[in-house]
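In the text below, chain A, chain B and the rest are named by the order of the sequence lines, each starting its count at 1.
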Amino acid sequence: MIAYLRRRVLLLAVSFLVASCVLFLLLRLLPGDPANALLPMGATPEQVAEVRHELGTDLPPLEQFASWARKMATLDLGRSLISSLPVGSEIAARLPVTVPLTLLAFLLSVLVAVPVGFFTACRGRTWYGSLIGAASQFGLAVPVFWVGILLIDLFALRLRLLPAGGFPVDGWAHPGAALTALALPVLTVSLVMSASLIRYVHSAALDVLDSDYLRTARALGASFAGAVWRHGLRNAAAPVVSVLGIELATTFLGAVVVEGVFALPGLGSMLVRGFAQHDYPVIQGILALSTFTVLVIGFLTDLVQRLIDPRLRRTTTGTPA
Amino acid sequence: MKRQTALFIGLALVLTACGTSTPPAEPASVIDVGSLYEPQNLDNAGGGGQGVIEALAGNVYEGLFRLTDDGQVENLLAAGHKVSRDGLTHTFTLREGVRFHSGDPLTGADVKHSLERIIGDGSKSARKGDLSVIKGIDVPDPSTVVVTLSTRSVSFVYNLSQVWIVNDAVRDPATTEDGTGPYKVGTWRRGSSLTLDRFDGYWGERPDNDGAVFHYYTDASALNNALLTGVVDLVTSEQSPDALAQFEGDPRFRISEGTSTTKLLLAFNDREPPFDRALVRRAVSAAIDDRKLLRSIWGDHGILIGSMVPPSDPWYEDLCRLNAYDVALARKLLAEAGLPDGFTFTLDTPNYDPHPTIATFVKSELAKVGITVNIRIITADEWYTKVYQRHDFTATLQEHVNDRDIRWYGDPGFYWGYDNPEVAELIKRAETSATAETQASMMRTAARRIAEDAASDWLYLNPQIVVSSSRLSGYPVNGLNAQFPVYDIKER
């Protein structure tokens, strides 16, 4: 197990390094210049040159990479080119919006998708089973921002139950107000996420329900529910857990889009603005953080899978997929 | 599975319960302003962008002079202003009893520092070029500042109205504010809102409200929803005309239309064929029905201008007749230019509204006279690099937001490369003329010349539309140069 962990952590570090380098290069390939975001129209060429020098964007890319890598090694994300504030603390200020949004949406979609997916698998041939299946198909086809707009129209503009967007000025000082602000965004993301998750759970459950061991368990006298609870869930969980890791990352992406629609001051809106202004440290900081998070989630998913499925533990040298 | 179901129900209950709780009550008479322009930092000379001017100009920072909403320049921190006979020496007497938010008194040294910040190295101010006529700044006593100029500059006082007086003790104005205005910066939640708190030590008249919160949105419909649901009391500048329909005829809202300084241009590269010839430019201008375009974009709002001058500039004159819509004339001009069958050109079009719509309109209008337009969609950033800096384009669409920016037609190095020595001379001499009247008359001539030459095609002038709750009054209708003073806003 220790050898496995060591290998896995090493792999994590290498993946992170490679991802960061690719990211750095891709960003420099984008056409544009952060000086444009800082200078108004009518700025003289001298002012442009001065700003570039000040920002360090006039240096050769290799030198820029070296200085960035040096800082990264000490966990320093640098300062925003535009606001000149430290990127690390700016990200930290946005986390109280994005993290609860992502986690709540993820939780809600799992809580909806797992029972519904199982239920539809058990009742696949009834009319409401098919209806839920069709609804989840529809959910897959609908873009998340559009769901957001529809929910705003219904719950905020017509029913006046929830705010149309924004986040309390004092953050989580009043948890009720903060949760209210997040209610519609969470609902939006989780609606779309659970649609795809339902399908995974559904097919995993179908595999289990059709399996020989379940039939054998029933033949040995177990009730249907008892057989599913004792033998089915654990077997169905393995493929679902591997998908959950990816889904959590996708939920974050959904949150990024939804933050724009709901005017939430989270990482997503910060990232979008960073791109618009070529604010490299901001983009790199957020993407490095999210890359890291996704890699760690993948790592944890693997661990959980090994706990669920003893067969994986037998091959200590192999790297599970 | 049972446990999960229980959790799900629990979460659903929490979310429903939150739905009925109300956000904390706000103290009375704080104005909630909704805007699309969040500042990038707090310094208007340090890349703060349009947003920092909107929120802070006049509210947190004050200049020696103030530009009023109808375009007049008034004394503000300057109590008196004397100009020498040759127009080169300006003596300013500072208002007494003015204090910064930190408590420091306003002195001539602060004024000197504030001016040097604009003209010095590292300045990101758009006024740097204008104020480079400053040759020397002396502070003979704490309440007097003497500025000497290298040439006469009739716009000097106007330009000073755009320079903020900052406390010279502040090291980093991008992150620390210390102005003399009626409000000080409270909390700034980046990506969300900026709070202005009333400053009790203000030298002048007390504001009509207790403070203001600027709420920032990246999405215009999210902003309009905030107004519809009462999260904000007004929207500083509506950029999406389609949205106006939901406020029109609703007694809860009031729509005001002022004049903006934002001109929508079809800018030609005047250096290169085919647009190096006035005949071709005039043909294109005549072939496009600007009125129809304006109506399709803004409905009944906005006006046609016919040159680079909005009505709030002192040298405005209605010049629409010079390049009026006339397809027959366009054909005739093309024939004269030796292009009877038209030609093909690429139109670099910024990818954000309303440019792509306009590009399609221009394409269909020009097809009528045989001109083929290839639309190339580019990002705002590519526009700056490719068009604005490298001059690598044939024609482009762009909004020009600045006031008094006809002067760029006097600079052959500007991106559109209009090179007419007569116009350049007129604009230069206008700036050094002795009186504002002479200046205005020369600028009017220059505006007429560039219109006759169709240096660019000025498609229309954006309206400046504020939508507010009908309980509010006292907000700026024109919001010149993006400023949005909130001190006169009150709730009934």
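Separating the CG atom in N41(B) from the OG atom in S80(A) is a distance of 8.5 Å, to the nearest 0.5 Å. Separating the CZ atom in R190(B) from the OG atom in S89(A) is a distance of 9.0 Å, to the nearest 0.5 Å. Note that CG of N225(B) and CD1 of I149(A) are 9.0 Å apart. Values are rounded to the nearest 0.5 Å.
Within the 4.5 angstrom heavy-atom criterion, no atom of H53(A) approaches chain B. At a 4.5 Å heavy-atom cutoff, V272(A) makes no contact with chain B through either its backbone or its side chain. Using a 4.5 Å cut-off between heavy atoms, S83(A) touches chain B through backbone and side chain atoms alike. Contact annotation for Q246(B): neither backbone nor side-chain heavy atoms come within less than 4.5 Å of a heavy atom of chain A. For D121(B), the parts lying under 4.5 angstrom from a heavy atom of chain A are both the backbone and the side chain. In this structure, chain A has heavy atoms under 4.5 Å from both the backbone and the side chain of T229(B). The contact between I82(A) and chain B is made by backbone and side chain atoms together, counting heavy-atom distances below 4.5 Å.
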### From CA spacing to verdict: side-chain contact (heavy atoms from CB on, under 4.5 Å), Q277(A), Q40(B)
CA-CA 10 Å; Q277(A) 300 171 329; Q40(B) 322 205 70; 2.3 Å; yes

### Task
Applying side-chain contact (heavy atoms from CB on, under 4.5 Å), run through T218(B) and R273(A) and close with a yes or a no.
CA-CA 9 Å; T218(B) 49; R273(A) 201 172 153 113; 5.7 Å; no

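Summarising the local packing, CH2 of W146(A) is surrounded by 12 or fewer heavy atoms from other residues, nucleotides or ligands at distances under 6.0 Å. No more than 12 heavy atoms of other residues, nucleotides or ligands lie within 6.0 Å of OH in Y200(A), so this atom counts as exposed by the packing criterion.
Taking chain B as the reference chain and counting heavy-atom pairs below 4.5 Å, the highest number among V51(A), V261(A), L85(A), L184(A) is found for L85(A). Ranked by heavy-atom pairs under 4.5 Å with chain A, the list G46(B), A126(B), A174(B) is led by A126(B). Ranked by heavy-atom pairs shorter than 4.5 Å toward chain A, the options Q50(B), R407(B), K128(B), K386(B) are led by K128(B). Put simply, of S123(B), G48(B), A380(B), the one with the most heavy-atom pairs under 4.5 Å next to chain A is S123(B). Of the listed residues (Y415(B), W383(B), F414(B), W408(B)), the one with the most heavy-atom contacts under 4.5 Å to chain A is W408(B).
Nearest approach of Q47(A) to S125(B), heavy atoms of both residues: NE2-O, 3.1 Å. Smallest separation of non-hydrogen atoms from V169(A) and R189(B): O-CD, 2.7 Å. Of all the heavy atoms in G260(A) and D219(B), the pair that sits closest is O-CB, 3.7 Å. Closest approach of S192(B) to F167(A), counting heavy atoms only: OG-O, 4.0 Å.
In this view, Y409(B) and S456(B), W458(B) satisfy the side chain to side chain donor-acceptor pair (under 3.5 Å) rule, not counting sequence neighbours. Under the side chain to side chain donor-acceptor pair (under 3.5 Å) criterion, T98(A) pairs with E259(A), sequence neighbours left out.
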